[in-house]
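To start, the structure itself, in structure tokens.
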Amino acid sequence: MTVIKAVIFDLDGTLLNTLDDLADSMNRVLERMGLPVHPKESYKYFVGDGIDKMACRVLPAQVRNAEKVAECAAAMKEEYSSHWQDQTHVYKGIEAMLSGLREHHIKMNILSNKPDYFTQLTVSHYFPRWNFSRVIGVRQDIPKKPDLTGTYQIMEQLELEPCNFLFLGDTSTDMLTAKKAGIFAVGALWGFRTREELINSGAQALIENPQELISHVC
């Protein structure tokens, strides 16, 4: 019988609702560039794959060149660095879930497509009560998910097999990462994407409430 000993969490859209701060920051950047802004709901599909990809997605097709994408991404990083905690909040039920996992001695980890600096800053601010084994964001030596570099680092440090892990995320990127790594993939339905996307990208289970995760590790 497979025993789950560790969980890897996505961050944005899984543990934290960051959508308003991401959307507002990028819309301010677009306004300063003299470009159209987008409704917040649209950002559910713009985010999830890093700031560079987000910049590419929000720009109008006629100006979507490498130079403009780089300019937009750089401006977004600067803007977001001052507004990452304006409206961001922990999803309801997440803290109870984390406490439940800790009680069952489950090793908890975070793997985000946020830049590593923002990932570390955000986690230390919103989750000071929990000890995560690894917190990893994107940096020069760790590409964005679904690349498995960060996942493999977590596996190696904890000295556990893929079958001992569970991956909780809210996007196709998360489900594909888990599938490629041979990890049990659970989709968070309170996040940014749809049930259909999660199922089609390989989710092996879906949960509507964070505390439902406990039943998958016990």
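Keep in mind that what you see is a predicted model, and the values were worked out from it rather than measured.
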**Request:** Could you state whether Leu22 and Val90 fall into the same hydrophobic cluster, counting links through intermediate Ile, Leu, Val, Met, Phe, Trp or Tyr residues with side-chain heavy atoms under 4.5 angstrom apart?
**Result:**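 Cluster IDs for Leu22 and Val90 match.
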
**Prompt:** Going only through I, L, V, M, F, W and Y residues with side-chain contacts under 4.5 Å, is there a path from Phe9 to Phe118?
**Reply:**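 Yes, Phe9 connects to Phe118 through the hydrophobic network.
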
**Request:** List in chain and number order the residues that pass side chain to side chain donor-acceptor pair (under 3.5 Å) with Tyr80, two or more places apart in sequence or in another chain; answer none if no residue qualifies.
**Result:**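 Side chain to side chain donor-acceptor pair (under 3.5 Å) list for Tyr80, sorted by chain: Lys114.
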
**Message:** So Val217 and Leu166, do their side chains get closer than 4.5 Å, heavy atoms only?
**Reply:**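 Yes, at least one pair of side-chain atoms sits under 4.5 Å.
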
**Prompt:** Hey, are the side chains of Ile8 and Leu168 touching, using non-hydrogen atoms and a 4.5 Å cut-off?
**Reply:**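 SC-SC contact between Ile8 and Leu168 ruled out.
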
**Prompt:** Is the closest basic N to carboxylate O distance between Glu31 and Arg28 below 4.0 Å?
**Reply:**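 No, Glu31 and Arg28 are not salt-bridged.
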
**Request:** Flag the pair Asp49 and Lys145 as a salt bridge only when some basic side-chain nitrogen lies within less than 4.0 angstrom of an acidic carboxylate oxygen.
**Result:**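 Result for this pair is no, no salt bridge flagged.
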
**Message:** Assess the residue pair Ile136 and Ser112 against the criterion (side chain to side chain contact (heavy atoms under 4.5 Å, CB included)); give the C-alpha distance rounded to whole Å, side-chain angles, the decisive distance to 0.1 Å, and a yes or no.
**Reply:** CA-CA 6 Å; Ile136 299 176; Ser112 174; over 6 Å; no

Counterpart residues, salt bridge (Lys or Arg N to Asp or Glu O under 4.0 Å), relative to [X] (two or more places apart):
X	result
Arg102	none
Lys44	Glu41
Asp24	Lys40

**Item:** Side-chain donor-acceptor pair present, Tyr43, Asn27, cut-off under 3.5 Å
**Value:**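 There is such a pair between these side chains.
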
**Request:** Search all heavy atoms of Asn109 against all heavy atoms of Ala6 and return the closest pair with its distance.
**Result:**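 Closest pair (atom of Asn109, atom of Ala6, distance): ND2-CB, 4.2 Å.
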
**Asked** Restricting to pairs with a member in residues 176-194, which pass side chain to side chain donor-acceptor pair (under 3.5 Å), not counting sequence neighbours?
**Response**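 Every pair satisfying side chain to side chain donor-acceptor pair (under 3.5 Å) with a residue in residues 176-194: Arg193-Glu197.
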
**Request:** Among residues two or more places apart or on two chains, list those pairs meeting side chain to side chain donor-acceptor pair (under 3.5 Å) that have a residue in residues 208-218.
**Result:**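 Non-adjacent pairs meeting side chain to side chain donor-acceptor pair (under 3.5 Å): Arg195-Glu208.
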
**Asked** Quick one: does Thr119's side chain have a donor or acceptor within less than 3.5 Å of a partner on Pro115's backbone?
**Response**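 Yes, Thr119 side chain to Pro115 backbone: donor-acceptor pair under 3.5 Å.
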
**Prompt:** When rounded to the nearest 0.5 angstrom, what is the spacing between CD1 in Ile154 and CD1 in Ile183?
**Reply:**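 Spacing of CD1 (Ile154) from CD1 (Ile183) equals 8.0 Å.
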
